[in-house]
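Heads up, the thing below is written out as C-alpha cells.
Naming: A, B, ... by sequence-line order, numbering from 1 per chain.
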Amino acid sequence: MPGLVDNCDAGFVMSMPHMTAPADGATQASAHRVRVAVETPQHAGMADVLDYLAEAELPPGTLLRVPLGRRELPGVVWPGEPSAEEAANALPAGQLRPVREALLALAPLPPAWCQLVEFTARYYQRAIGEVALAVLPPELRKLDNTGLAKRLKRLHKQMGLPDPDAKPKKRRKADLQPEPEAVPEVPASPPVRPALTTEQAEVLARLSPQFEAEAPACHLLFGVTGSGKTEVYLRAAEQALAAGRQALVLVPEINLTPQLEARFAERFPGRRLVSLHSGLTPAQRLQNWLSAHEGHAELVLGTRLAIFCPLPRLGLIVVDEEHDPSYKQQDGARYSARDLAVYRGKLERAPVLLGSATPSLETWQHARSGRYQLLTMAQRVGQGALPAVRVVDMAKQPTPGQGQEAPALCPPVLAAVRDRIERGEQSLLFLNRRGFAPVLNCGACGWKSGCPHCSAWRVFHKLDRTLRCHHCGFAERVPKACPDCGNLDIQPVGRGTERLEEQIATLLQDVERPGGGSVRVARIDADTTRHKGSLEEQLAAVHAGEVDVLVGTQMITKGHDFRRVTLVAAVNPDSALFAADFRAAERLFASLLQAGGRAGRDAEAAARSEMWVQTWNPQHALFAALKAHDFTAFAASQLAEREMAGLPPYSHLALLRTEAREGPVAEAFLQQARDAAQAWLKTHGGADVMLYAPVPPPVAKVAGLERRQMLIESPSRGALQRLLANWLPELHVLRSSLKGIARWAVDVDPLSI
DNA sequence: AGCACGCCGACT
DNA sequence: GTCGGCGTGCTC
C-alpha cells in the first residue's frame with residue numbers, strides 16, 4: 001500500500017553502487033572488503049550485514065558461503081554503503097575473515113530484489129539476512145558452484161530443446177497434480193480469446209497506458225464474482241508480454257494454482273510459464289525460480305512466496321483475491337505479500353493489479369481516496385444474475401424436542417436442497433469447521449474433550465475414531481467411556497463437516513434422484529484432500545455431476561467454477577460472527593459472498609440460483625448488505641466502525657507476542673517491554689503511540705506454552721516504525737535477562753488481535 | 001540459533 | 001579413569 005511505501009522509504013534510499021567499498025589495503029593488496037547479509041542470530045546487538053574479505057570485487061547480490069564462528073553459512077553480498085554508525089563500528093580489515101566461496105555461476109540477485117528484501121526486513125523488524133535467505137529456494141542454500149552449474153546447464157538445455165516436455169515429465173511423478181507443462185506444444189492456431197464484456201474492455205482501456213507509463217499505478221479491480229476478472233488478468237499479462245516484460249500472478253492458495261496455470265498455459269501457448277509454491281519438489285522449485293531469475297520464464301504464477309522471485313523484466317503484478325488472509329505469512333518474517341506487491345510494483349515500475357469482489361478495507365480505503373485506481377466490474381459475464389440471498393431466522397424455526405439437537409438444515413433450506421436434487425442440480429453446503437464434532441461431552445460428570453497441551457477442545461474425528469487438537473496436532477483414539485467417570489454415553493456437541501455429511505445423507509435418504517438411486521453426498525475439506533491430487537479428483541467428480549450435495553469448508557468456496565451448482569447454504573456462519581476479532585465481520589462477509597458466487601456460474605441457471613444463510617442474528621447489518629450484494633454499503637458501515645474504534649485502516653497496529661511455559665513469565669516480559677517502550681516514547685516524543693495491556697490471545701495455551709500478547713497502535717505508521725526499530729534491541733536484552741521465555745516475535749500489521 | 005568449551009556426577 | 005550433563009560465551 002502506498003502508505004506503507006510513503007512512510008517507510010524515508011531513510012531507506014539505498015544507493016546501489018556497482019562495486020563494493022574499496023579494500024583498505026591494510027592487508028593483502030588483493031583483498032576486498034565486502035558487506036554480506038547473513039543469517040545472524042537476532043541476539044546481542046549483532047549487525048545483520050557483516051564484513052568479509054574477498055579476493056575479487058564481488059557485485060552486490062552475489063550468493064556466497066561465509067564462515068561465521070565455527071559454522072559456514074550462505075550469505076548475499078549486500079549493496080549500499082555502511083551507515084555512519086556501521087562505519088564507526090567496522091572491524092579493521094585485519095580482523096576480517098575471508099569469504100569461503102562465491103557462487104558466481106548464479107547471476108547476482110538484482111538490486112531491486114535486494115531493495116525489496118531490505119524493505120521487508122526493516123518494515124517487519126527482522127534481520128536482512130534472515131529475510132534474504134528465507135525467500136530464496138531452499139535448495140539454493142545447499143548448492144556449491146559445481147551443483148549450481150549442473151542445474152543451470154540442465155535448465156538451459158531444457159530451454160533450448162524443441163520439446164522441453166520430454167525431460168521434466170519423467171521427474172514429475174512426485175508432483176502435486178498433473179500440471180500443464182512449462183511450455184506446451186506450440187499449436188499452429190492462435191488461442192481463442194473470448195469477446196470482452198463492455199466493462200472488461202473499459203477496464204483494459206484504462207489499464208493499457210500503464211504499460212508505457214513512467215510511474216505506473218496500483219489498481220483495484222473490484223469485480224463481482226463471475227465478472228471475468230481472470231480475463232482481465234490474461235489480457236493485462238498479454239500486454240506485459242507484448243512489451244517484452246514478465247508478469248507475476250499471485251493467488252492465495254496452492255489449490256488455486258493448477259486451474260489458473262491451465263488457463264494461462266492455454267492462452268499463452270509457446271510462452272514460458274512457471275509456478276512457484278511450497279507444493280513443488282525442492283528441485284522443481286529451484287528450477288522454476290532459476291528460470292524466472294534468468295529471465296526465461298515470462299509468466300510466473302505462485303503463492304505469497306513468489307513475491308520475492310527475482311524477475312529482471314518485471315512488467316505486471318497481479319494479486320488475485322487480494323483480501324485473502326493467506327497473503328500474510330504467519331511465521332518468521334510476517335510479511336504481507338499483497339502489501340509487498342504494491343511496494344515492488346512501485347520499485348520496479350510495474351503496474352499492480354489487485355483483484356477482488358470483496359476487497360480488504362485497507363485496499364478499499366486506498367481506492368476510495370484515489371491512491372489506487374478503482375476499476376469496477378459490476379456485471380457477471382453473460383449478464384447472469386447473482387444468486388438471490390435468503391436469510392433464515394433460526395429463532396423462528398421449529399424447536400427440537402427436549403434433549404434433541406436441531407437438524408443441520410432447517411425446513412426451508414432442506415426443501416431448497418430437495419428441489420435442486422429433483423431438478424438434477426447441485427447444492428453446496430458451507431460449514432467452516434472440520435471434523436465430526438468440535439467437542440465431546442460426558443452427560444454424567446461434565447467431562448469435555450479438552451487438549452492436555454492447549455486451552456482448546458479436541459475435535460472428534462469419526463473416520464479414524466480420534467480426538468484431535470487442531471492447535472498442536474495431539475491426537476488420541478477416542479475413549480469408549482468417559483475418562484473421568486466411566487460413563488459409556490459420551491456425546492458429540494456441535495457439528496463439523498464430517499457430521500454434516502452424515503446428517504445430510506440421513507435427511508435426504510428418502511429423496512429419489514431423477515435418474516434413480518439415492519442422493520449422493522460428498523465432502524471436501526482438509527481431511528479429505530490430504531493426499532496429493534485428491535482435491536482435483538473430488539472436484540472432477542463434482543464437475544462430472546456425480547455428486548448431488550457437496551459439503552465442505554472454506555476450501556470449496558474459493559475459485560472453483562461449479563457449473564451445476566444452483567444452491568449454496570451457509571450452515572452456521574454465526575460462529576464467525578462473534579469471534580473476538582475486529583476483522584471477523586469483514587472476513588465472514590467475504591467468505592459468504594465468495595461462497596454465494598459459486599452458485600449460478602452458468603448463466604442459464606443463474607435466475608434460479610440461491611444462497612441461503614442460517615443465522616440466529618438476521619438483524620445483523622452484514623446480512624442486509626449480503627442480500628443486496630452490496631459490498632460498498634458493507635464497507636462503509638465497517639469503515640465507520642473502524643474509525644470510531646481507531647482500528648485499521650485508521651490506525652496501524654503491531655503485536656508483540658510471547659510464549660513461555662509459565663503464564664506470569666510471559667506477562668512479565670510484556671510488562672517490562674511495555675515499560676521500556678513507554679520510557680522511550682517519553683524521551684522521544686512518541687505521544688501518538690499507544691501500548692495496551694498484555695492479554696492472553698483467544699487460545700492462550702498451545703502445545704504446553706502460555707501465549708500472551710500486547711497490542712501497539714498508532715495513527716502514524718512512521719511513529720510506530722520508529723518505536724519498533726528502537727525497541728527491538730532492548731527486547732533481545734530483556735529476553736536474555738528473563739529466564740523462561742520460549743519465543744517472542746513482533747507482528748507488524750497483524751491480521752487478528 | 002548453533003556450536004564448542006568447561007567443569008561436575010555415574011558408569012565400564 | 002572417561003562419557004556426557006547442559007551452563008556460558010562467541011560469532012564480521
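Taking A:Asp747 as the reference, A:Lys328, A:Arg334, A:Arg657 meet the salt bridge (Lys or Arg N to Asp or Glu O under 4.0 Å) condition, with sequence neighbours excluded. In this view, A:Phe308 and A:Tyr335 satisfy the ring pair (Phe, Tyr, Trp, His ring centres under 6.0 Å) rule, not counting sequence neighbours. Scanning for salt bridge (Lys or Arg N to Asp or Glu O under 4.0 Å) contacts around A:Arg313 gives an empty result, with sequence neighbours left out. Residues that satisfy the salt bridge (Lys or Arg N to Asp or Glu O under 4.0 Å) test with A:Glu139, not counting sequence neighbours, are A:Lys142, A:Arg151. Residues meeting the salt bridge (Lys or Arg N to Asp or Glu O under 4.0 Å) test with A:Arg530, sequence neighbours left out: A:Asp527.
Atom CD1 of A:Ile128 is separated from atom P of C:dC12 by 18 Å (rounded to the nearest Å). Per the geometry, CZ belonging to A:Arg100 stands 12 Å off C1' belonging to C:dT11, to the nearest Å. Remark: C1' of C:dC10 and CD of A:Gln95 are 14 Å apart, rounded to the nearest angstrom. What separates CD of A:Glu85 from P of C:dC12 is a distance of 20 Å, to the nearest Å. In this structure, A:Leu96 atom CG and C:dT11 atom P are separated by 13 Å, rounded to whole Å. Computed from coordinates, the A:Leu50 CG to C:dC10 P distance equals 16 Å when rounded to whole Å. When the C1' atom of B:dG2 is taken as reference, atom CD of A:Glu130 falls 15 Å away, rounded to whole Å.
Relative ring orientation between A:His453 and A:Phe474 is described as perpendicular, the plane-to-plane angle rising above 60° on a 0-90° scale split at 30° and 60°.
Remark: A:Arg70, A:Arg71 in residues 68-75 of chain A come within less than 4.0 Å of DNA chain B through at least one heavy atom.
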